[in-house]
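To start, the structure itself, in structure tokens.
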Amino acid sequence: MVKLTYRAALLAAALLLPIAAMAQPSGGTPNADWHRTVDDVLGKPGTEMPGGVWRVALPRTDLKVMLDGVQLRPGFALGSWLAFHPHGQELMVMGDLVLLDTEVAPVMRRLAAAGLEVTALHNHVLRAQPATMYMHVAGHGEAAKLATALRAALQESATPLQGATAPAAAGAERIEGLDTAAIARVLGREGRASGGVYGVSVPRAETIREDGMDVPPALGLGTAINFQAAGNGKAAITGDFVLTASEVVPVQRALLENGIEVTAIHNHMIGEEPRLFFMHFWAVDDGEKLARGLRAALDRTNSRPSG
């Protein structure tokens with residue numbers, strides 16, 4: 001008799017589940033072990049984030065992307081991710097998949113067939129070689145069904161699904177050529193260093209809701225600012241500001257006045273309240289100078305105070 005390992009048995013069972021039933025309520029609260037189910041099916045370890053969010057990082061470590069002479073690190077601008085959170089009687093998933101042009105159509109077809117939503121498809125940066133697109137996904141359902149459908153879609157791309165480890169603790173890494181202490185001082189907020197990238201997340205002050213439920217910032221609703229060393233004493237920055245309609249023009253002008261290029265303005269979600277817009281940016285310059293420009297833009301938003 002063949003004995004299946006726990007993971008093999010779980011995967012086999014998940015693959016037999018009717019994907020068409022994903023949109024139906026489970027009839028109870030999510031199983032307490034849903035985090036392990038998600039990790040085992042996706043093949044990647046997740047990390048617990050504030051607000052009870054379970055986030056699985058899926059960096060495109062297979063890609064070598066160049067932009068204005070800078071090789072983009074996976075965690076800087078090539079970081080696919082999926083975030084799960086209990087939502088009533090089931091789980092909510094939101095995510096952002098980094099894809100090559102040739103991967104967009106097959107991934108989207110697989111997601112649609114499984115009942116998952118593609119809520120946005122667009123660029124985040126300009127002039128990158130090879131060009132990358134960013135596909136925002138959302139769905140509700142049971143852990144194994146959601147994770148199985150997402151894994152099947154990811155397998156239509158070359159996204160690595162093995163070998164990742166959970167992110168290092170904040171401050172555990174020193175980034176050569178980047179004065180992270182000075183950047184934090186100017187921004188007025190501490191970030192975390194990991195994989196050669198210094199990342200700062202700034203939640204909005206107001207509560208965001210969708211379908212009558214609160215949506216935690218860790219589901220992708222915090223302004224994200226990433227720095228990486230660009231050589232010759234300079235830093236590269238990218239990320240996105242999460243904005244209400246009245247903030248779009250003031251933040252755009254603050255960035256442009258400080259030499260920071262606005263590369264995209266668009267939605268990531270459908271049906272959130274208040275309506276949100278996401279403004280992506282790019283620049284290469286002195287790190288402190290860039291931090292001052294980003295701080296000027298942050299000061300024009302309803303962001304949660306530091307600390």
Side-chain angles (χ1 to χ4, degrees), residues 22-23 25-26 29-30 34-35 37-39 41-42 44-59 75 77 79-98 111 114-122 124 134-143 145-147 149-151 153-154 166-167 170 189 191-192 194 199-226 239-244 266-280 301-304:
M22 183 184 305
S26 61
T29 57
W34 64 265
H35 309 83
T37 299
V38 167
D39 287 358
V41 175
L42 287 177
K44 293 275 192 175
T47 302
E48 187 170 2
M49 306 293 288
V53 173
W54 192 254
R55 185 173 173 123
V56 181
L58 299 156
S80 296
W81 56 270
L82 295 167
F84 300 80
H85 184 258
H87 189 78
Q89 297 178 333
E90 50 193 2
L91 290 180
M92 166 194 286
V93 63
M94 294 177 64
D96 186 8
L97 308 182
V98 182
L111 290 168
L116 288 163
E117 299 175 347
V118 173
T119 57
L121 173 66
H122 44 231
H124 284 185
Y134 298 77
M135 182 180 291
H136 295 267
V137 301
H140 297 81
E142 189 270 332
K145 296 175 186 177
L146 286 174
L150 289 162
R151 182 182 176 93
L154 286 165
R189 294 167 173 83
R192 63 180 303 277
S194 180
V200 180
S201 180
V202 184
R204 292 196 58 84
E206 72 270 55
T207 298
I208 309 300
R209 297 175 67 83
E210 186 176 44
D211 297 332
M213 301 284 288
D214 292 358
V215 182
L219 281 173
L221 300 185
T223 290
I225 297 171
N226 290 333
D240 58 346
F241 283 81
V242 183
L243 307 170
T244 56
H266 46 225
N267 69 289
H268 285 183
M269 305 167 62
I270 297 174
E272 77 280 8
E273 297 178 1
R275 193 78 174 97
L276 298 176
F277 299 85
F278 295 76
M279 183 178 294
H280 296 262
T301 69
N302 184 32
S303 295
R304 190 178 301 171

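As a basis for the values below, the full set of heavy atoms in this structure was taken, side chains included, without hydrogen atoms, waters or symmetry mates.
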Grab the two heavy atoms, one from Pro216 and one from His85, that are nearest each other, plus how far apart they are. CG-NE2, 3.6 Å
Reported CZ-to-OG1 distance for the pair Phe277 and Thr244, which is rounded to 0.5 angstrom: 8.5 Å
Ring centres under 6.0 angstrom apart (His280, His268): yes
Taking all non-hydrogen atoms of both residues into account, name the closest pair between Gly75 and Asn226 and its distance. O-ND2, 3.7 Å
Derivation of the side-chain contact (heavy atoms from CB on, under 4.5 Å) call for Leu82 and Leu42: CA-CA 10 Å; Leu82 295 167; Leu42 287 177; 4.1 Å; yes
Can you tell me if His35 uses its side chain to pair, donor with acceptor, with the backbone of Thr47 under 3.5 Å? no
Please round to the nearest 0.5 Å and tell me the distance separating atom CZ of Phe278 and atom CG of Asp96. 10.0 Å
Closest heavy-atom pair, Leu221 versus Met269, reported as atoms and distance to 0.1 Å, is CD2-SD, 3.1 Å
Hey, could you give me the CZ/OG distance between Arg189 and Ser303, rounded to the nearest 0.5 Å? 5.5 Å
Side chains of Leu150 and Leu111: does their closest heavy-atom pair fall under 4.5 Å? yes
Trp54 and Met49: CA distance, side-chain angles, deciding distance, side-chain contact (heavy atoms from CB on, under 4.5 Å) verdict: CA-CA 6 Å; Trp54 192 254; Met49 306 293 288; over 6 Å; no
Taking C-beta and beyond as the side chain, do Met92 and Glu210 meet within less than 4.5 Å on heavy atoms? yes
Would you sort out whether Leu154 and Leu58 count as a side-chain contact (heavy atoms from CB on, under 4.5 Å), showing the intermediate values? CA-CA 10 Å; Leu154 286 165; Leu58 299 156; 3.8 Å; yes
Note, Trp81 side chain near Leu97 side chain (heavy atom, < 4.5 Å): no
Minimal heavy-atom distance between Gly139 and Leu146, with the atoms involved, is C-CD2, 4.3 Å
Tell me the closest heavy-atom pair linking Ala114 and Ala149, and the distance in Å. CB-CB, 3.5 Å
Heavy atoms, side chains only, cut-off 4.5 Å: are Val118 and His136 in contact? no
Atom pair CD1/CG of Ile208 and Asp214 - distance to nearest 0.5 Å: 9.5 Å
Taking every heavy atom of Val93 against every heavy atom of Phe84, the minimum-distance pair comes out as CG2-CE2, 3.5 Å
Any side-chain heavy-atom pair of Thr301 and Val242 under 4.5 Å: no
So, taking the atom named NE2 in His140 and the one named CD in Gln89, what distance separates them when rounded to the nearest 0.5 Å? 12.0 Å
Main-chain N/O of Gly46 paired with Asp39 side-chain donor or acceptor, under 3.5 Å: yes
Mutual orientation of the aromatic rings belonging to His124 and His266 [parallel < 30°, tilted 30-60°, perpendicular > 60°]: tilted
Under a 4.5 Å cut-off applied to non-hydrogen side-chain atoms, are Trp34 and Leu91 in contact? yes
Do the non-hydrogen side-chain atoms of Pro274 and Glu206 ever get within less than 4.5 Å of each other? yes
Hey, is the main chain of Arg275 close enough, under 3.5 Å, to the side chain of Glu272 for a donor-acceptor pair? no
Is Asn302 close to Arg204 at the side-chain level, that is, under 4.5 Å between some pair of heavy atoms? yes
Step-by-step side-chain contact (heavy atoms from CB on, under 4.5 Å) determination, Tyr134 to Leu121: CA-CA 6 Å; Tyr134 298 77; Leu121 173 66; over 6 Å; no
